[in-house]
There are 2 protein chains.
Amino acid sequence: MIRKTPNSVTIAAIAKEAGVAPATVSFILNGKAQDRGLAEKTVQRVLEIADRLHYVPNEAARSLRRQRSATVGVLFAHLRDEWADRAVAGMREILGPADYVPLIAVHRFNPEWERQEIQTLLERRVEALICVPLTDDAGDYERVVKRGVPLIFLGDTLEGMPHANFVAWDAEAAARSAVRHLIEIGRRRIAFLGWNLSRPFIKVRYAAYCQTLEEAGLEVRDEWAAFFPIGESSAFQRGEIVASAIRRMFGRNRPRPDAVFASGDMLNTDALAALSEMGFRLPDDAAVATISSQPLMGHPLLGVSVVPVPTMELGREVARVALELIHHPENAPIQRVMPCGDLQAGRTTPADASGRRQGEAIAFSGRA
Amino acid sequence: MIRKTPNSVTIAAIAKEAGVAPATVSFILNGKAQDRGLAEKTVQRVLEIADRLHYVPNEAARSLRRQRSATVGVLFAHLRDEWADRAVAGMREILGPADYVPLIAVHRFNPEWERQEIQTLLERRVEALICVPLTDDAGDYERVVKRGVPLIFLGDTLEGMPHANFVAWDAEAAARSAVRHLIEIGRRRIAFLGWNLSRPFIKVRYAAYCQTLEEAGLEVRDEWAAFFPIGESSAFQRGEIVASAIRRMFGRNRPRPDAVFASGDMLNTDALAALSEMGFRLPDDAAVATISSQPLMGHPLLGVSVVPVPTMELGREVARVALELIHHPENAPIQRVMPCGDLQAGRTTPADASGRRQGEAIAFSGRA
DNA sequence: TTGAAAGCGCTAACAA
DNA sequence: TTGTTAGCGCTTTCAA
């Protein structure tokens, strides 16, 4: 037995019950009674009946008739790291009052799923599409643009689409700030962990890393930089790959790195796991700095220095841009780069402000 | 200027172009050409044209006509803790092949938003609603049930709705296993942190804690248990409340606890932060065990013992139940409790397997 | 082997 | 002050 949508109360039923025309009901339910100059008595009666019958409008019919869905598609890579949580919170703040609803989808780094999700979103006639870009490939995105649906990249953009709309954050400043911090706390041999993608806001992190080192007169060594493919299946796998890269860097004959700049989430988690597994003391053997949208990453026990990504504000801004482009598509391209927060210093050296002696592990300052 | 849905290619346009009737196109596009015995030539021509015109079906029209949305609503409390990520991954596995799409919404512990989101989902005529229950209040949920839309709670259920469908996990076994572990590693004064809710699978954790202690002949002290209100605004606030509870427990005259069972996510993070801020050594001063769906929680640096929640499998199962109820509503109520994973022991005592000496902080085992 | 036609629930232009 | 009407794009029954 196939279950059908419950035969819900329609506007016609209410009209019949109230002894008025469907159109009248429609106007009243949409708060346009004034415009039509309807009698207050009629309005009340209709509202009362709608309420009593538990009327719930049928959005499909409404969209079809109005030729707009009041919907914005949001395609995430995943829902981890609080990224999505905070981005969606920000979007809601903006979309809600404008009577738009976000349609959330996830591609899990799988191009095939991404295509499917985009298709589904287009079938639902989203009026704009917010999208965390997956690969360097512009193919599927161009299709969206061709259909006249405003596309806004979130968090990065694509080299191959110079006129794409995007809302990103200042990865360059973030990377600089993280690396500079490591230098300031006395580190001289800083390793880099990054993603193996040529997206602009990914690439800029390595560039900033190099520049900051050079400005400080420090060495940039190829064998201290590692780039990893992104993907979902690699959650465990990736941990292994990152670990082996770290083993390579740290296992060699000296000099080996005394700090790690993990340029994004997941890399930082993997790096911590690997370093700890190798028996390194943090920050004695390796200080870790990262850019992250994951609050736990800033936990004192981990002792990592973190530049926080302003995810919620990104969500707000990208929603604003989406609305702007829905109403004024002629304003494309809109390209915004948001500033990121100040670095939160983790533990730095064992002999830092709290005055512990060199060599002592300092997960807890001890209370004796 | 208000932007309208782009005048997309319709089935009628394709029909005209191909010189056939709209109905023919519809059949072909739905893969029912066989059933109608259409000429292969016609089929090919129509498909070619649809492709050339970049036809994308209009889901609103389709839903309206078919009187079903092919959609399942999923209402989360939030998108943190990888809960949503893994639950959605599991659901996709099941819903995708059945040609259902999940509509994801978030209520952020706000009853007003929850009502709004449920309303929005009902307007979109979801065929079932999967829902992480918010409060102890059944009001809004009953409305859903009354409309004939199958409602399935995820992760817990409500006392006030004994006939509600739900898919939960075995919180009792998880709690037992966590507390037993703390006892096994020699702890005798175990504190409890929990949520101040009377939902069955929340309540059972405290009960299991008490029972396990009693079975071991240990003392259950009221002042070693703390219950916290749940809510979003309290992210920081809650941290403070948890911290003050922990200060109260640990700051007193002896005896004070030597372990903490944080019965859920967020509580564990807060507890770690508070303990570390107070300068306690883990696990010397307090061993921490918890139930969590957050992988970082199992990180060796944190040293916490974790019972993992089988979130992805919950996602799969709840999707299966949703489909079952869509097709066979007469099978309600369906109530399932999934087993949870084995406890992953964190650091236990300072003098554990790795042979460190008593009193040494052991965030890192040291490599010298 | 194909076409015609009705109608899903709603809105908005036009009449009355 | 209210009603009539014509679709929005699609599916599906019935007729040819």
Side-chain angles (χ1 to χ4, degrees), chain A residues 2 4-46 50 53-71 99 122-125 127, chain B residues 2 4-46 50 53-71 99 122-125 127:
Chain A
I2 290 288
K4 301 219 151 199
T5 301
N7 292 339
S8 48
V9 181
T10 70
I11 243 179
I14 299 176
K16 197 173 163 196
E17 178 95 8
V20 297
T24 307
V25 176
S26 173
F27 272 92
I28 293 172
L29 260 25
N30 286 305
K32 293 179 185 168
Q34 297 294 347
D35 308 11
R36 277 215 116 191
L38 291 174
E40 184 58 23
K41 210 185 65 179
T42 317
V43 173
Q44 287 311 320
R45 184 157 36 98
V46 167
L53 264 38
H54 297 113
Y55 173 73
V56 175
N58 182 324
E59 183 58 33
R62 179 170 239 250
S63 296
L64 183 58
R65 174 60 233 227
R66 300 176 57 176
Q67 290 292 87
R68 44 173 300 240
S69 64
T71 265
D99 280 321
L122 290 178
E123 289 179 3
R124 296 202 137 63
R125 295 296 187 266
E127 296 182 42
Chain B
I2 292 287
K4 301 220 149 199
T5 301
N7 292 338
S8 48
V9 181
T10 69
I11 242 177
I14 299 175
K16 198 174 162 195
E17 177 93 7
V20 298
T24 308
V25 176
S26 173
F27 273 94
I28 293 172
L29 260 24
N30 287 305
K32 293 179 186 168
Q34 298 295 348
D35 307 10
R36 276 217 114 192
L38 292 174
E40 184 56 24
K41 209 185 67 181
T42 317
V43 172
Q44 287 311 320
R45 183 156 37 99
V46 166
L53 265 38
H54 298 114
Y55 172 74
V56 175
N58 183 323
E59 184 57 33
R62 180 172 240 252
S63 296
L64 184 57
R65 173 61 232 224
R66 298 176 58 173
Q67 290 293 85
R68 46 173 299 239
S69 64
T71 264
D99 279 321
L122 290 179
E123 289 179 4
R124 297 203 137 62
R125 295 295 188 268
E127 296 181 44

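Lettering of chains follows the sequences in order, A, B, ..., and the numbering in each one begins at 1.
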Participant: Within a strict 4.5 Å, meaning less than it, do heavy atoms of the A/Arg125 and B/Asn58 side chains meet?
Facilitator: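 A/Arg125 vs B/Asn58: side chains touch.
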Participant: Choosing from C/dT11, D/dC10, C/dT2, which nucleotide comes nearest the side chain of A/Ile11?
Facilitator: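 Among the listed nucleotides, the one closest to the side chain of A/Ile11 is C/dT11.
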Participant: On a heavy-atom basis, which atom in A/Ile28 and which in A/Thr42 lie closest, and how many Å separate them?
Facilitator: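 It is CD1-O, 4.1 Å.
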Participant: To the nearest Å, how far apart are B/Arg62 CZ and C/dC10 C1'?
Facilitator: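 Answer to the nearest Å: 20 Å.
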Participant: Between B/Ala61 and B/Ala21, which residue's closest nucleotide on DNA chain C lies nearer the 5′ terminus?
Facilitator: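 Final value for this comparison: B/Ala21.
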Participant: Quick one: are A/His54 and B/Leu122 in side-chain contact, heavy atoms under 4.5 Å?
Facilitator: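 They are not in contact (no side-chain heavy atoms under 4.5 Å apart), so the answer is no.
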Participant: Rounded to the nearest Å, what distance is computed from the CG atom of residue A/Leu29 to the P atom of nucleotide C/dG9?
Facilitator: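 For the pair A/Leu29 CG and C/dG9 P, the rounded distance is 15 Å.
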Participant: Please write out each protein N/O paired with an N/O of nucleotides 12-16 of chain D under 3.5 Å, distance rounded to 0.1 Å.
Facilitator:
from   : atom 1 : to      : atom 2 : distance (Å)
D/dT12 : OP2    : B/Lys32 : NZ     : 3.3
D/dC14 : N4     : B/Arg36 : NH2    : 3.2

Participant: Could you give the CZ-to-C1' distance, from A/Arg45 to D/dT2, as a whole number of Å?
Facilitator: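 After rounding, the gap between these two atoms is 12 Å.
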Participant: Is any side-chain nitrogen or oxygen of B/Ser63 closer than 4.0 Å to OP1 or OP2 of D/dC10?
Facilitator: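 It does not, given that no N or O in the side chain of B/Ser63 lies less than 4.0 Å from OP1 or OP2 of D/dC10.
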Participant: Are A/Arg65 and A/Ser26 linked by a side-chain donor-acceptor pair shorter than 3.5 Å?
Facilitator: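 No donor-acceptor contact under 3.5 Å links the two side chains.
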Participant: Can you measure A/Ile28 atom CD1 to C/dC10 atom P for me and round it to whole angstrom units?
Facilitator: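 Spelled out: CD1 on A/Ile28 to P on C/dC10 is 14 Å.
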Participant: Rounded off to whole Å, could you give me the OH-to-P distance for the B/Tyr55 and D/dG9 pair?
Facilitator: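 For the pair B/Tyr55 OH and D/dG9 P, the rounded distance is 10 Å.
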Participant: With respect to A/Ser63, which candidate in A/Glu59, A/Gln67, A/Arg66 satisfies the side-chain hydrogen bond (donor to acceptor under 3.5 Å, both in side chains) definition?
Facilitator: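 The option that passes is A/Glu59.
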Participant: For B/Ile14 and D/dG9, what is the distance between atoms CD1 and C1' respectively, to the nearest whole Å?
Facilitator: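 Rounded to the whole Å, the gap is 11 Å.
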Participant: Using a cut-off of strictly less than 4.0 Å, decide whether B/Gln67 has a side-chain nitrogen or oxygen near OP1 or OP2 of C/dG9.
Facilitator: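 For C/dG9, OP1 or OP2 has a side-chain N or O of B/Gln67 closer than 4.0 Å.
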Participant: I need the CZ-C1' distance between A/Arg68 and C/dT11, as an integer number of Å.
Facilitator: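 That distance rounds to 13 Å.
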Participant: D/dG9, C/dC10, D/dC10: which one has an atom nearest the side-chain heavy atoms of A/Asn58?
Facilitator: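 The answer is C/dC10, which lies nearest to the side chain.
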Participant: Table please: side-chain donor-acceptor pairs of residues 15-22 of chain B below 3.5 Å, with sequence neighbours left out.
Facilitator:
from    : atom 1 : to      : atom 2 : distance (Å)
B/Glu17 : OE2    : B/Arg52 : NH2    : 3.4

Participant: Measure the shortest side-chain to side-chain distance between B/Leu29 and B/Tyr55 over non-hydrogen atoms and say whether it is less than 4.5 angstrom.
Facilitator: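 With C-beta onward as the side chain, the pair touches.
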Participant: Take atom CD of B/Glu123 and atom P of C/dT11, then tell me their distance rounded to the nearest Å.
Facilitator: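 Atom-to-atom, B/Glu123 to C/dT11, this comes out as 10 Å.
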